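Step one of this worksheet: look at the structure below.
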Amino acid sequence: MIQLKHVDFSYGDTPVLKDVSFRVESGEAVVIMGPSGSGKSTILRLILGLERPQSGDVFIHGENIADMKEKKKREIRKRIGMVFQDGALFDSLTVGENVGYYLLEHTRMSWEAISEKASEILDVVGLDADEVGDKLPEQLSGGMQRRVAIGRALLSTNPQIMLYDEPTTGLDPRAAHKVVDLITKLHRQRGICTIAVTHQIADAFLIADRFIVIHDGKVVFDGGFLELRDCVDQQVVDFLAPFRESFEQVARRKFVNTQ
Ligand SMILES: Nc1ncnc2c1ncn2[C@@H]1O[C@H](COP(=O)(O)OP(=O)(O)O)[C@@H](O)[C@H]1O
Ligand SMILES: [Mg+2]
């Protein structure tokens, strides 16, 4: 579904990604972890074709993004839902208008029809359209805003791939839990290929079965939970050190019957 092959990327003279390679198959859920500034958001921008690698290739459905014309790129982006780090809702539009924005801009559907679709999607993300549809984003909690952003991505593109950048950062544990549940539900029930960037390790374990750790722009780990737990690479060990305890907790929960 998605493949990065020997990708080098710099912003100007500042190298960000070095020889990054990994692939994500359809239906998979993968979490990308790593310290702040390690290049995680940049990876998502490359997958969307918003940035272009200086060398190496990014393939979506086997096609190289670098070779695509703008029109084709837009087609591809339609199949990818992106939830940006801060939710990035339009402040001056209502929740319903935010969710229906793509249809408002790009189709001739009546507002009534769009509004109905927006209500359905709000229901999917666990919000009541009657309650929140006419509110402005600022009148909602951070967790609800994040779910609206996910709803907007779903309605815009009917995506086969969802990319989430730090979907739970800044949320209280309950709100974070709801967002994680939603991401998991979309992955499991709709088979949406999922890539989430997070350094909330507990959330990472709920969202994915495979983990990619980036350090200084390089992939230092790519594998499953137990391999991650037992990994002896010093950069991985250092990155995980603050989370060891939650790690062991999850390990006990996850593998209580298998080990
Ligand atoms: N538009 C930009 N122009 C220049 N440098 C950038 C830009 N965006 C990010 N960077 C730099 O690239 C590095 C990686 O950024 P990013 O991919 O956002 O990291 P992460 O998401 O892992 O925190 C950081 O050092 C950041 O300061
Ligand atoms: Mg980031």
Side-chain angles (χ1 to χ4, degrees), residues 2-24 29-60 65-66 70 73 77 80-89 142-143 145-147 149-150 152-153 159 161-171 175-176 179-180 182-183 193-208 210-223 228 231 233-243:
I2 296 170
Q3 184 176 21
L4 274 70
K5 228 171 156 179
H6 304 301
V7 166
D8 288 317
F9 179 80
S10 355
Y11 290 109
D13 298 337
T14 320
V16 175
L17 298 175
K18 298 158 206 149
D19 196 23
V20 168
S21 298
F22 65 84
R23 54 193 295 166
V24 180
V30 172
V31 160
I32 301 176
M33 303 189 277
S36 187
S38 55
K40 305 181 297 296
S41 298
T42 303
I43 289 176
L44 299 185
R45 295 176 58 76
L46 284 160
I47 293 171
L48 280 170
L50 298 172
E51 307 286 356
R52 207 191 152 111
Q54 275 79 15
S55 67
D57 297 303
V58 178
F59 296 96
I60 311 283
I65 283 223
E70 244 346 280
K73 271 196 214 172
R77 277 187 208 130
I80 306 179
M82 173 76 198
V83 178
F84 290 95
Q85 197 153 350
D86 51 8
L89 297 173
Q145 289 183 24
R146 221 61 71 87
R147 283 185 279 149
I150 294 174
R152 184 176 61 185
I161 300 169
M162 283 290 285
L163 309 177
Y164 302 92
D165 200 351
E166 310 262 4
T168 59
T169 299
L171 302 183
V179 170
V180 167
L182 175 59
I183 293 171
C193 175
T194 299
I195 302 183
V197 164
T198 182
H199 43 228
Q200 315 288 319
I201 211 103
D203 297 342
F205 296 149
L206 293 170
I207 292 170
R210 200 176 123 216
F211 309 92
I212 294 172
V213 181
I214 307 286
H215 194 278
D216 276 346
K218 292 200 194 87
V219 174
V220 293
F221 178 86
D222 182 347
L228 182 62
C231 181
D233 180 289
Q234 198 53 45
Q235 285 161 329
V236 178
V237 170
D238 290 346
F239 171 68
L240 291 175
F243 314 111

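Because the structure is predicted, anything quoted here is derived from the model rather than measured. Atoms within a ligand are numbered from 1 in the order they appear, just like the ligands themselves. Position 1 is the first residue of the sequence; numbering continues from there.
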Under 3.5 Å, is there a donor on one side chain and an acceptor on the other for Asp203 and Thr168?
yes
Under a 4.0 Å heavy-atom cut-off, what residues line ligand 1?
Tyr11, Val16, Pro35, Ser36, Gly37, Ser38, Gly39, Lys40, Ser41, Thr42
Tell me if a side-chain donor or acceptor on Arg147 pairs with a main-chain N or O of Ala175 at a distance below 3.5 Å.
no
Got a second to check how far Thr198's OG1 is from Gln200's CD, nearest 0.5 Å?
4.5 Å
Measuring only between side-chain heavy atoms, which start at C-beta, is Leu46 closer than 4.5 Å to Val20?
no
Should we count NZ of Lys218 as having more than 12 external heavy atoms under 6.0 Å?
no
The protein N, O or S atoms lying under 2.8 Å from the Mg ion (ligand 2) are Ser41 OG
Taking all non-hydrogen atoms of both residues into account, name the closest pair between Met162 and Ile150 and its distance.
CE-CG2, 4.1 Å
CD1 of Ile65 to CZ of Arg77: how many Å apart, nearest 0.5 Å?
7.0 Å
Got a second to check how far Ser36's OG is from His199's NE2, nearest 0.5 Å?
6.5 Å
Would you find more than 12 non-hydrogen atoms of other residues, nucleotides or ligands less than 6.0 Å from Lys18 atom NZ?
yes
